Amino acid sequence: MNNILYNIVYSIFYLFSLLPYRALYAFSDFMYIIVYYVVRYRRKIVRRNITTSFKEKTLDEVIEIEKGFYHWFCDYFVETIKLLSVSENELLKHLELVGLDEVEECFDEGQTCAGILGHYCNWELLSASALGLKRYGDDAICGLIYHPMHSAIFDRLFLKLRQNFKGVCVPKSDVPRYLLKYKGQGRMTLFGYIADQAPKYTNIHLWLDFLSHDTPVFTGGERIMRKMNNAVFYIDMQRKERGKYVYTYRLITKEPNKLPEFEITKRFFSLLEESIKKDPRFYFWTHDRWKRTREEFNREYKVENGRVVKR
């Protein structure tokens, strides 16, 4: 039954993806009206997140960012579905990959790489990063670490579209095993870590000031980068115009183990905040990122031997 349902869903989305970009963006404009004005999808969370992140902004300015976000949110949906059928040449008209020459220099020196990024602009298009590698495109493993979706059908669909352009998707629970396997094979790897989700209380080891909030953050990605001795890049994403993105790989360090603990994570959040403040419309404001508080953490949990446990 799941296979039948998947084939139905896949066929519908694939046929939809065959529409030209102009038609897809017309549909996005219509979808914006439904999502923002009719369904009012997570409007309270979005308004609260923007207001508390930019306390200096007036209500009119907050609403302008909010509407801009929902316009882009609908664009994100159609741009992502387009990955099911778009050709490499057509896709490369919509994304510019900058700084991958420095990644290839690391490969030349025998060092694997990690890219760290947030939910900003359309991160799904980064599954095509291998297309920007001039010398290692067919030899390196470009991967995305992901959290499996609750829906098996949509999890399978997103795996399909994310792996259409030489990308490899690895569940976050299997990352060390895969990286060690590729290392044993002598393969150069570039894996992307989306690192701005809200961790569970038992995974909190660091709090940072991020967008005017006391924010619990993931540090597991940094631990893996240190273990693998990755060269670490921040992926700075910008939208030049509708449907046109620039992804710039900015080196954080080639020597992760020489930095203090959590320094990579701290630099990442500082750089991400910088990107968001340039244009807040393209951050994924629907996530309830600040639902966990340090007060509750201190009341309910404690750290023993480096592990977070219930009091």
Side-chain angles (χ1 to χ4, degrees), residues 49 53 99 102-103 106 111-121 123 126 129 143-147 170-176 178-179 189-237 247-278 280 282-285 287-294 296-298 301-309:
N49 283 344
S53 295
E102 196 165 0
V103 170
C106 294
Q111 186 175 25
T112 54
C113 298
I116 188 167
L117 62 146
H119 286 88
Y120 185 77
C121 286
W123 59 90
L126 279 169
S129 290
L144 175 68
I145 295 157
Y146 80 103
H147 182 72
V170 175
K172 65 177 185 179
S173 59
D174 289 337
V175 174
Y178 273 83
L179 291 180
T189 56
L190 170 61
F191 268 78
Y193 296 74
I194 298 180
D196 61 335
Q197 302 97 327
K200 295 179 180 179
Y201 276 121
T202 51
N203 287 329
I204 296 175
H205 298 276
L206 178 66
W207 296 77
L208 294 175
D209 181 14
F210 175 61
L211 291 173
S212 301
H213 294 85
D214 192 21
T215 306
V217 298
F218 275 111
T219 56
E222 176 174 337
R223 288 195 295 272
I224 295 173
M225 294 169 198
R226 289 175 180 275
K227 182 176 181 179
M228 301 304 300
N229 193 36
N230 292 141
V232 182
F233 292 81
Y234 170 63
I235 305 178
D236 185 11
M237 298 182 277
Y247 303 93
T248 303
Y249 285 76
R250 297 170 57 182
L251 182 66
I252 292 178
T253 181
K254 285 187 177 182
E255 300 177 309
N257 291 299
K258 290 188 177 181
L259 294 178
E261 186 180 22
F262 303 139
E263 181 64 21
I264 292 171
T265 303
K266 291 176 182 178
R267 292 189 189 183
F268 159 67
F269 274 95
S270 177
L271 290 166
L272 177 60
E273 183 173 83
E274 181 183 310
S275 296
I276 294 167
K277 286 183 174 179
K278 287 179 183 177
F282 308 131
Y283 193 50
F284 219 55
W285 296 108
H287 283 187
D288 195 3
R289 301 184 192 284
W290 295 290
K291 58 189 175 184
R292 298 186 176 94
T293 67
R294 195 192 295 246
E296 185 175 355
F297 177 83
N298 290 337
Y301 297 88
K302 61 181 178 179
V303 179
E304 287 186 354
N305 300 319
R307 296 183 60 189
V308 179
V309 296

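For clarity, every value in this text was computed on a predicted model and none was experimentally measured. The figures here come from the full heavy-atom set of this structure, side chains too, leaving out hydrogens, waters and symmetry mates. Numbers here are sequence positions counted from 1.
- Remark: D196 CG to L117 CG distance equals 8.0 Å, nearest 0.5 Å.
- Here I264 contributes atom CD1 and I116 contributes atom CD1; the two are 7.5 Å apart, rounded to the nearest 0.5 Å.
- With sequence neighbours left out, the salt bridge (Lys or Arg N to Asp or Glu O under 4.0 Å) criterion links K227 to no other residue.
- Using cut-offs of 30° and 60° for the angle between ring planes, the H287 and F284 rings count as perpendicular.
- Between F191 and L144, the shortest heavy-atom contact is CD2-N, 4.1 Å.
- For A231 against Q111, the heavy-atom pair with the smallest separation is N-NE2, 3.4 Å.
- For S275 and Y234, the side-chain atoms include at least one donor-acceptor pair closer than 3.5 Å.
- Of all the heavy atoms in A114 and Y193, the pair that sits closest is CB-CE1, 3.8 Å.
- Considering all non-hydrogen atoms of both residues, T112 and M228 come closest at OG1-O, 4.0 Å.
- The number of heavy-atom neighbours closer than 6.0 Å to NZ of K277, taken from other residues, nucleotides and ligands shown, is 12 or below.
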Please walk me through it: do L259 and R267 pass side-chain contact (heavy atoms from CB on, under 4.5 Å)? CA-CA 11 Å; L259 294 178; R267 292 189 189 183; 3.5 Å; yes
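- Note that the CG atom of L126 and the SG atom of C121 stand 10.0 Å from one another [nearest 0.5 Å].
- Looking at heavy atoms from C-beta onward, Y283 lies out of side-chain contact with N49 at the 4.5 angstrom threshold.
- At a threshold of 4.5 Å between non-hydrogen side-chain atoms, the residues D236 and L271 do not count as touching.
- F233 and Y249 have perpendicular rings, their planes meeting at more than 60° on a 0 to 90° scale where under 30° would count as parallel.
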Output, in order, the C-alpha distance, side-chain angles, deciding distance and verdict of side-chain contact (heavy atoms from CB on, under 4.5 Å) for R250 and E102. CA-CA 9 Å; R250 297 170 57 182; E102 196 165 0; over 6 Å; no
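- Interatomic distance, CZ of F282 versus CD1 of I276, reported as 12.5 Å (0.5 Å rounding).
- Of all the heavy atoms in Y120 and W123, the pair that sits closest is N-CE3, 3.8 Å.
- The side-chain hydrogen bond (donor to acceptor under 3.5 Å, both in side chains) contacts involving residues 207-222 comprise T52-H213, D214-R294, T215-W290, T219-R223, E222-R226, E222-T265, where partners must be two or more places apart or lie in separate chains.
- No side-chain heavy atom of P199 sits less than 4.5 Å from a side-chain heavy atom of V217.
- At distances below 3.5 Å, at least one donor-acceptor pair connects side-chain atoms of E273 with backbone N or O atoms of L211.
- Geometrically, R292 engages Y201 in a cation-pi contact defined by less than 6.0 Å to the ring centre and at most 45° from the axis.
- Among residue pairs with one or both ends in residues 252-262, those qualifying as salt bridge (charged side-chain N to carboxylate O under 4.0 Å, His left out) are E109-K254, E255-K258; sequence neighbours excluded.
- L272 CG to H119 NE2: the interatomic distance, rounded to the nearest 0.5 Å, is 10.5 Å.
- Put simply, CE on M225 and CG on L179 are 10.0 Å apart, with the number rounded to the nearest 0.5 Å.
- Nearest heavy-atom pair, W285 versus P280, reported as atom, atom and distance to 0.1 Å: NE1-O, 2.7 Å.
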